[in-house]
Amino acid sequence: MSLDLQKEKGVPLHLQVFDWQDLVRTPSSKLDDDAFTRVRIVLMNALESSALRFSHGCARMSSELQLLLAQVRRVEQHQQTLVNWLLPPDLSPLETTLVFEQMAIEVTASVAQHEPDPYLSQVYRFGMLEDFDHLYRFSALYDRLYGADSNVLLHSYTDILPGRPTAVDHRAPEDDLRRCYDRFQAAPLSKLHAILVTALEHQTHDYYMIIGPMFADPTARQLYAEIASVEEQHVTQYECLSDPSESWLEKWLLHEATECYAYYSCLLQESNPRIKEIWERLLHYELGHLHLVMDLVKRLERRDPMEILPPVLPAPVAFTSHRQFVRKVLLEEVDLRARGREIVHKAKESEASQRYREQLNKSGSPSVIAAAGYDWLPGTELIGMAPGAGHRREGRSRHGLTQFGKT
Amino acid sequence: MALLSSGRPDAARNRTGAKTHIEPNPQQRIETRRDLSPFFQRKPPGTSRELTTHRADFNHEGEALGSQPGRLPLLLDKLGERLQFERVGVRLYEALIGKREQLGDAAIGQVLPTVSELQRIGRDELQHFFLLRDIILELGGDPTMMTPSADVVVMLGNGLVQVLTDPRTSFKQCLQAILAAELQDGDGWQLLIEVTRTTGRIGLVAEFEAAHAQELEHLDRVRKWLQAALACEQPRPHHA
């Protein structure tokens with residue numbers, strides 16, 4: 001099943017309307033919905049948020065486009081509301097963080113495997129191993145502050161293991177830049193991938209910057225500061241992948257196409273019928289936006305938009321566990337670092353990045369403190385700390401030591 | 001380095017009260033509600049009741065937080081709740097012990113729990129966690145599942161974790177949070193015992209009663225520590 005972007009015109013903009021009841025619905029269930037339903041919700045929120053960010057940037061650079069941008073942006077604002085408000089209120093900020101990291105890992109893993117350009121695929125694998133480590137650090141924090149198991153949300157789709165240690169992710173800005181694809185040579189899918197992954201990292205960064213100060217625990221506050229800093233590096237890295245010589249209009253067109261592609265991917269795989277219906281509706285809205293921008297490209301740039309767009313949407317983002325792929329990448333690429341725009345072995349890392357990291361970690365690293373000695377076990381690490389002899393329900397102690405003295 | 005002379009810093013004072021925060025500019029002061037009456041004429045009609053009834057409009061489909069599948073749903077939901085509570089309890093006592101250790105010698109002469117007394121309670125919580133886990137397994141349940149009642153415990157626990165992990169809260173403020181936890185815990189075990197009896201699992205009652213008795217002992221001790229801690233704070237009689 002594929003979607004023809006020329007034939008499918010979607011819903012015209014003037015028919016894309018909402019009311020408050022429509023925007024704020026019964027949310028998804030933290031306990032009963034599948035982890036990938038949550039992953040899709042936070043991914044689409046990221047992309048809608050990216051659409052707004054792009055649209056504002058573009059409006060500041062073009063008075064000619066301001067009105068149309070504002071009209072489309074108003075709908076995107078409400079689409080984002082409808083999507084983001086599907087997150088339930090019993091999902092705490094730290095739990096939402098775990099969802100963000102699972103989304104980053106699984107979506108980037110899918111992108112890395114579908115990406116036709118070997119260099120771009122390498123960059124996605126590089127970033128993925130860092131997000132993979134973030135999930136481990138936040139899982140440790142969740143277990144150790146709240147006595148809860150992150151797998152309750154992850155549904156065993158994603159491993160909870162150390163990745164490339166967060167403490168070594170801190171690089172000098174010059175080592176976070178990457179090479180871009182060539183707008184004339186690159187496959188359309190490469191362009192959609194770059195927008196998608198930049199969007200999800202941008203959302204994650206912004207979210208951590210907002211919720212970090214809400215935590216009382218100083219290690220939690222520091223951990224959010226540390227990981228937000230890495231997410232900022234990731235935004236820097238991924239935004240380089242798009243060719244900066246694309247026109248604003250070309251970028252707008254590609255952004256709308258990415259939104260169509262992502263909603264289409266969600267629609268094909270959604271297990272919750274109530275939410276599936278939302279993906280379908282918003283896909284048709286996005287197709288409406290896409291055609292509007294296609295007309296603009298024809299009118300203002302005198303170009304055929306189909307020279308830029310894929311004729312049919314590519315194979316969807318795979319919302320599924322990529323455990324085997326991630327483990328393979330972890331084994332083979334954990335020791336890679338960045339030097340300038342290239343990914344290199346750690347032996348070749350730049351001195352600038354080493355100095356930068358040394359300075360930041362001078363007083364210790366919160367990601368090391370939060371996860372000190374952390375082994376994830378089903379049901380939290382307490383499972384490995386069975387109480388001492390004498391109790392009839394004695395378990396096996398893996399560590400022999402708890403904070404309550406020797407067991 | 002200072003670009004501006006800071007002058008004398010304001011003495012620490014709480015600015016939250018409408019009476020205690022005095023706006024220095026007389027024109028900006030809100031002395032009485034009467035000053036505002038012309039502005040209130042544009043308020044929407046109704047009372048706080050609107051909020052309550054509007055809330056009810058949002059669950060026509062009768063959605064719940066989540067479901068409890070399988071047999072013995074009520075008992076397994078409650079067992080899951082207790083298990084989650086005991087697991088949070090372990091983390092809360094770890095945090096309280098950290099606070100107590102920080103007080104160190106400064107606490108000499110005060111009627112406060114020792115670190116080892118707190119560790120003992122923490123060990124009890126851990127043992128209760130294992131007890132519940134084993135029973136859930138025996139009943140064919142999944143102890144790693146977050147049951148609907150366990151989800152409620154996580155939501156309730158957020159505030160307690162915030163109080164206990166804030167480096168600025170005092171040991172006494174943390175004892176107050178622990179008291180709230182122990183009050184919930186005692187009643188939680190009592191309810192679990194009743195549900196266990198109703199579902200005919202009489203064989204489990206004795207173990208639950210033993211755990212409940214331990215929790216009541218914790219509650220009693222925490223209450224006494226808190227009372228003693230507050231008594232220490234009473235201002236001494238002033239001698240002229």
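All values below come from the heavy atoms of this structure, side chains included, with hydrogens, waters and symmetry mates left out. A, B, ... follow the sequence lines: proteins, then strands. Residue 1 opens every chain.
Contact check for Arg120(B) versus Phe404(A): no side-chain heavy atoms found under the 4.5 Å cut-off. Residues Phe215(A) and Thr165(B) have side chains not in contact (no heavy-atom distance under 4.5 Å, counting atoms from C-beta outward).
Residues of residues 272-283 of chain A lying under 4.5 angstrom from chain B, judged on non-hydrogen atoms, are Arg274(A) by number. When the heavy atoms of residues 134-151 of chain A are compared with those of chain B, the residues falling under 4.5 Å are Tyr142(A), Asp143(A), Arg144(A), Leu145(A), Tyr146(A), Gly147(A), Ala148(A), listed by number. The interface of residues 145-156 of chain B with chain A, defined by heavy-atom distances below 4.5 Å, comprises Met146(B), Thr147(B), Pro148(B), Asp151(B), Val154(B), Met155(B). Taking non-hydrogen atoms and a 4.5 Å limit, the residue list of residues 78-103 of chain A in contact with chain B, ordered by number, reads Asp90(A), Ser92(A), Glu95(A).
When atom types are taken as modelled, the side chain of Glu63(B) and the backbone of Pro27(A) share no donor-acceptor pair closer than 3.5 angstrom.
Contact count versus chain A (heavy atoms, under 4.5 Å) is highest, among Asn158(B), Leu164(B), Ile97(B), Asp57(B), for Asn158(B). With respect to chain A, the highest number of heavy-atom pairs below 4.5 Å among Gly89(B), Pro69(B), Pro167(B), Gly98(B) belongs to Pro167(B). Counting heavy-atom pairs closer than 4.5 Å to chain A, the top residue among Gly122(B), Gly157(B), Pro143(B) is Gly122(B).
Remark: Ile383(A) CD1 to Arg87(B) CZ distance equals 7.5 Å, nearest 0.5 Å.
Contact of Leu65(B) with chain A is made through backbone and side chain together, with heavy-atom distances under 4.5 Å. If you measure heavy-atom distances from Tyr93(B) to chain A, the contacts under 4.5 Å come from both the backbone and the side chain. Using a 4.5 Å cut-off between heavy atoms, Arg133(B) touches chain A through its side chain atoms alone. In this structure, chain A has heavy atoms under 4.5 Å from both the backbone and the side chain of Phe58(B).
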